[in-house]
S.K.: 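Below: one structure in structure tokens.
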Amino acid sequence: MKLPIYLDNHSTSPCDPRVVEAMLPYFTEKFGNAASRNHSFGWEAEEAVEQGRKQIAQLIHADPKELIFTSGATESDNLALKGIVEMYREKGDHIITSATEHRAVIDTAKSLEKKGISVTFLPVDKTGRVSPDDIKNAITDKTILISVMLANNEIGTINPVREIGKIAKEKGIIFHCDATQGVGKIPVNVQEMGIDLMSFSAHKIYGPKGIGALYVRRKAPRVRLEPMVHGGGHERGMRSGTLPVPLIVGFGKACELCEQEMPTESVRMAKMRDRLQNGIMGAMEEVYLNGHPTERLPNNLNISFAYVEGEALLMGVKEIALSSGSACTSATLEPSYVLRALGVGSDLAHSSIRFGLGRFNTDVEIEYTIDRMVKAVNHLREMSPLYEMAKEGIDLKTVQWATH
Amino acid sequence: MAYSDKVVDHYNNPRNVGSFKKEEEGVGTGIVGAPECGDVMKLQIKVENETIVDAKFKTFGCGSAIASSSLATEWLKGKSVQDAQKIKNTDIVQELNLPPVKIHCSVLAEDAIKAALGDYQKKAEEKKIGKEGAATGS
């Protein structure tokens, strides 16, 4: 086993060597511009782009023509929300989204709010799921867009997207889904799920950074977007700019691998994740699972360790790359808004750790992680005044804290 | 953001972790912060003849908060009650090389020191009044 161990795959993932291998020729020999129509360099590049598009489309059951390449899921989210609002503003000025969306959706929605768009941020239940009924009730005759994520990046909770897609269809409202964490990990079918627009990216699925896509439905309904980036009219005019051929080749290869390996990979991932969860939760008291017990990504585990602060815990296991919902890991000193939306108390939000498993993790690494986490938590609990008080039988909720 | 070597050292080998009995004579206890804010410090001093002979802490918080309180106990030991009042959060920032986002950890440590000293003085005052009350025979 090699240290450090990478367990932060919701943040990004390493490129699969097979992806890198596929990309390499497109940096040097096959360097053409896919938009060059008059020579073999251009044709070769165009062919590679179309091949990539096909591989990506296949993974999500879309038509290759329905994919718009972007720089990543953040740009895709921006293009979806801003592009729809600008295009359909005449029709209405209301959009519906949820409280636990990625910041790329939340902040974009907030910037639209400042421009006079009315935004409903729906709450989620204590497992992190958006209720289809809440969506139904929030729809007005001014609603032009519903944007709900497939799976959450912190807690891995999977939303009832199919039901939401059905409601959107019935009401004739465009449905955007940020599927960045879900694509490649769980089956995604834009037809069956009733998705009209979908954001995702390559680097979360062992592809390169700097490339993402926005799926834009072409039929029933034909979705139109006002572009944000103008120029040469690439990507059906929705996103101009020379296509990054090597990145698209890598994105395509990454999708192809995910499609081939998902049946076995998702099972292996869930097995390792379950072992990690049982190993940690079985060895300590007052450890709480955040998110949904079953409706969640196979590679996600989010746990709160009572009486221990998240960042301090990360410091104690610094040879393992993890992420925390603690305020101390953010610039704002506010703990995770996702956990807060679930109703997790600030104290437990500060104590949360996210484990993001990936293709290259091994059973040995999981065993090592369990052992290190238990030791680090015990070390910190020994010096935690809260643990001491709880042991003395003091109910921490009744204590008058000198809040600063 | 990487931690300074001193913060890492205090985190790995915290000085003076533990507790005194709050009601014990000469003990002053300061508890500051709140769990919702992500840090709570408990700092205790034991005073004999106006000199701090021992200090202990327990902290719920990030590595910098743990290091700040651990350092505070080191500094408090051997100081007179009067000199202990003079410990400033900026001294802690400097010693531990804390980045701007972690300055609040040092502020909390200073607050904890002040609270422990205050508690000690309050207890000493009450004891004095108690004795005087006994002397006047009331």
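Hydrogens, waters and symmetry mates play no part in the numbers below; they use all other heavy atoms, side chains included. A, B, ... follow the sequence lines: proteins, then strands. Residue 1 opens every chain.
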S.K.: Do any of residues 73-97 of chain B have a heavy atom less than 4.5 Å from a heavy atom of chain A, and if so, which, in residue order?
M.R.: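 When heavy atoms of chain A are the reference, residues 73-97 of chain B contributes no residue within the under-4.5 Å range.
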S.K.: The test is side chain to side chain contact (heavy atoms under 4.5 Å, CB included); show your working for B/Phe60 and A/Met383 and say whether it passes.
M.R.: CA-CA 7 Å; B/Phe60 162 80; A/Met383 57 172 125; over 6 Å; no
S.K.: If we only count heavy atoms from C-beta on, is the B/Pro35 to A/Leu386 side-chain gap below 4.5 Å?
M.R.: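 Side-chain contact under 4.5 Å: yes.
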S.K.: Got A/Leu380 and B/Tyr11 here, is their nearest side-chain heavy-atom distance under 4.5 Å?
M.R.: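 In short, these two side chains touch, coming nearer than 4.5 Å.
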S.K.: Any chance you could measure A/His379, atom NE2, to B/Ile66, atom CD1, to the nearest 0.5 Å?
M.R.: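 Answer for the NE2-CD1 pair, A/His379 versus B/Ile66, is 7.0 Å.
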S.K.: Hey, are the side chains of A/His350 and B/Glu36 touching, using non-hydrogen atoms and a 4.5 Å cut-off?
M.R.: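 The answer is no; the side chains never approach within 4.5 Å.
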S.K.: What do you reckon, is CD of B/Glu48 surrounded by more than 12 foreign heavy atoms closer than 6.0 Å?
M.R.: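 No.
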S.K.: Please assess A/Glu388 against B/Lys42 for the test side chain to side chain contact (heavy atoms under 4.5 Å, CB included), listing each intermediate value before the final yes or no.
M.R.: CA-CA 11 Å; A/Glu388 183 182 67; B/Lys42 185 182 90 166; 2.6 Å; yes
S.K.: Counting distance only, does the side-chain N/O of B/Lys58 pair as donor-acceptor with the main-chain N or O of A/Glu382 below 3.5 Å?
M.R.: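 Yes: the side chain of B/Lys58 pairs with the backbone of A/Glu382.
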S.K.: Is it the case that over 12 heavy atoms from other parts of the model lie below 6.0 angstrom from the CD atom of B/Glu25?
M.R.: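 Check fails, neighbour count at 12 or below.
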S.K.: Could you tell me the separation between the CE atom of A/Met315 and the SG atom of B/Cys62, rounded to the nearest 0.5 Å?
M.R.: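 One gets 8.5 Å once the value is rounded to the nearest 0.5 Å.
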S.K.: Which pair of non-hydrogen atoms, one from A/Trp401 and one from B/Ala34, has the smallest distance, and what is that distance?
M.R.: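 Minimum heavy-atom separation between A/Trp401 and B/Ala34: CB-CB, 3.5 Å.
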S.K.: Under 4.5 Å from any heavy atom of chain A, what part of B/Val107 do you find: side chain, backbone, both or neither?
M.R.: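 Contact with chain A is absent: no heavy atom of B/Val107 under 4.5 Å.
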S.K.: Is it the side chain or the backbone of B/Val17 that comes within 4.5 Å of chain A heavy atoms, both, or neither?
M.R.: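 B/Val17 touches chain A through side-chain heavy atoms alone.
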S.K.: Taking all atoms of both residues into account, what is the closest heavy-atom pair of B/Gly61 and A/Ala312, and its distance?
M.R.: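 Closest heavy-atom pair between B/Gly61 and A/Ala312: O-CB, 3.1 Å.
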S.K.: Could you tell me which of B/Ser19, B/Ala115, B/Gly18 has the largest number of non-hydrogen atom pairs under 4.5 Å with chain A?
M.R.: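 Most heavy-atom pairs under 4.5 Å with chain A: B/Ser19.
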S.K.: Counting only heavy atoms not in B/Asp5 (residues, nucleotides, ligands), do more than 12 fall under 6.0 Å from its CG?
M.R.: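 Not buried by this count: 12 neighbours or fewer within 6.0 Å.
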